[in-house]
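Note sheet for the following structure.
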Amino acid sequence: MSLVFAGICPHAPGITGRAHLADPAAKDRLYGAFDQMRYALEATKPDALVVVAAEHFANFFMDNMPAFSIGMADSYQGPIEDPDWLGIPTTMVPGNAELSNRLVDEILQTVDVGYAQEWKFDHGIAVPLNFLTPRYDLAVIPANINCQGPPLTPPHRAWAFGEALRRAAEQVPERIALVGTGGISHWPATPDSVKINQEWDRQILDQWVAGDRQALIANDDVSSYLQGGQGAFEIRTHIAIAGATQGYERTVTYYEPIPMFAVGCALGWAAI
Amino acid sequence: MSLYYVQKFLYNLNRDDGVQAQFRADPRAVLAEYDLTEEEIEALLGSDIGLLFHLGVNGQILMHFAAFEQIEWADYLRLMKEGIEKHGPVREGVYAVTGYGGVPARGEPVPTTDTAESGKGAMA
Ligand SMILES: [Fe+2]
């Protein structure tokens, strides 16, 4: 039928895995923001949730790295991480291969997306789902943009992928929700792990809210890294959501840098 | 130099219970399937996080190996720093291109960014 929901959220493994080590008040604010997003998502009664993630070598490696890929299976296993380390039990998440197939058919008209009939979730998808579909009762369709193994997918192509997702969602009878996960500034899993660049985060969020394509796609690899670290390459997922929600009003509902989670955490969605 | 295969082994280990069981049972046999140098084999057998980071393994792959080896997060961060102090700058891979930990990328200026080390409350 249409796109019924589109938002952004963080996916850092510390959000669940190191929850007990973070400032409790900050953790509660973030968890509350995730709850708000879940209520907003559920209110749109989606038939499927497409999660546009920046996965981290859970499925795609440099032997054959796609610029974009979409899962096309009836179920997905995850997370691949140790459940105790991530704080999320391993589970089976329902998918919808036939719906994936129809979405891929449409996306391929403009974007050369790969498809994958096997896909194991890592924290890039498992952390958001832990909050957004905690009962794992909604069909999930994973999508990935290469934000990890250079050469990376160019930002303007991430925008085009978002446009293609929107068009595909509008072609199918199902109610499609869309969430982009990742970012914003962080230096994940490196000695710089606690650094967060608030100023740059807020600048990216302003660009996202404004839907400013020119400004968003000007965040090339060098400037993104210098301002926001290796994790900043993941703003491609937010750029895709901006591309998918042109003409709608986007709002950031929460932003807070949480050093124990090693990332500036931002949530927001479009009024559709 | 076979960073590619070090990472490929860790990629397979991270996502595959079967590889994890094989690696616990006979690590040398598993590693023999990859094109690795003796230094890389020793780094993997010894769970030498510092050396693996120095060799250029991406943190998104390395942190899972650290978790697999029951290394706590704070120790994981410390071991990477110690590895750089002991062995020198990251040799290749994404960090040799982007820089890390105050170490500039090869031939690039030191990144200068305003960074915040603590949160200051939520923005509505
Ligand atoms: Fe990530």
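Letters A, B, ... are given to chains in the order of the sequence lines, protein chains preceding strands, and every chain is numbered from 1.
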Any donor-acceptor pair under 3.5 Å linking the side-chain atoms of B/Q20 with those of B/D16? no
I'd like to know if the side chain of A/Q207 pairs up with that of A/N219 as donor and acceptor (distance under 3.5 Å, no hydrogens or angles considered). yes
Do A/T16 and A/N130 have a side chain donor and acceptor closer than 3.5 Å? no
Per-residue contact mode, A/P13 against chain B (heavy atom under 4.5 angstrom): side chain
Do the two ring centres, one from B/Y95 and one from A/W187, sit under 6.0 Å apart? no
Indicate whether any N or O donor in one side chain lies under 3.5 Å from an N or O acceptor in the other, for B/S2 and B/E40. yes
Go through A/M260, A/H123, A/R18 and name the one with the most non-hydrogen pairs under 4.5 angstrom from chain B. A/R18
Please classify the contact between A/Q148 and chain B as side chain, backbone, both or neither, with a heavy-atom cut-off of under 4.5 Å. both
Write out all pairs satisfying salt bridge (Lys or Arg N to Asp or Glu O under 4.0 Å) with one or both partners inside residues 221-235 of chain A, taking only residues at least two apart or from two chains. A/D221-A/R236
Quick test of your reading: applying ring pair (Phe, Tyr, Trp, His ring centres under 6.0 Å), list the pairs with at least one residue in residues 12-37 of chain B, sequence neighbours left out, ordered by first then second residue. B/F9-B/F23, B/F9-B/Y34
Should B/E42 and B/R28 count as an ion pair when the cut-off is N to O under 4.0 Å? yes
Structural part of A/D63 lying under 4.5 Å from a heavy atom of chain B: both
Sort A/F233 into side chain, backbone, both or neither according to what part of it lies under 4.5 angstrom from a heavy atom of chain B. side chain
Side-chain contact test, heavy atoms from C-beta onward, threshold under 4.5 Å: evaluate it for A/N59 versus A/K120 and give yes or no. yes
Heavy-atom cut-off 4.5 Å, strictly under: side chain, backbone, both or neither for A/D23 against chain B? neither
Under 4.5 Å from any heavy atom of chain B - which part of A/P150: side chain
Listed by residue number, which members of residues 67-84 of chain B have a heavy atom under 4.5 Å from any heavy atom of chain A? B/A67, B/W73, B/Y76, B/L77, B/M80, B/K81
Can you give me every donor-acceptor pair (side chain of residues 51-64 of chain B, partner residue at least two apart or in another chain, under 3.5 Å) with its distance?
{"from": "B/H54", "atom 1": "ND1", "to": "B/G88", "atom 2": "O", "distance (Å)": "2.9"}
{"from": "B/H54", "atom 1": "ND1", "to": "B/P89", "atom 2": "O", "distance (Å)": "3.0"}
{"from": "B/H54", "atom 1": "NE2", "to": "B/R91", "atom 2": "NE", "distance (Å)": "3.0"}
{"from": "B/N58", "atom 1": "OD1", "to": "B/Q60", "atom 2": "N", "distance (Å)": "2.8"}
{"from": "B/H64", "atom 1": "NE2", "to": "A/E81", "atom 2": "OE2", "distance (Å)": "3.4"}

Side chain from CB out, backbone as N, CA, C, O: work out which of these in A/A58 comes under 4.5 Å of a heavy atom of chain B, or both, or neither. backbone
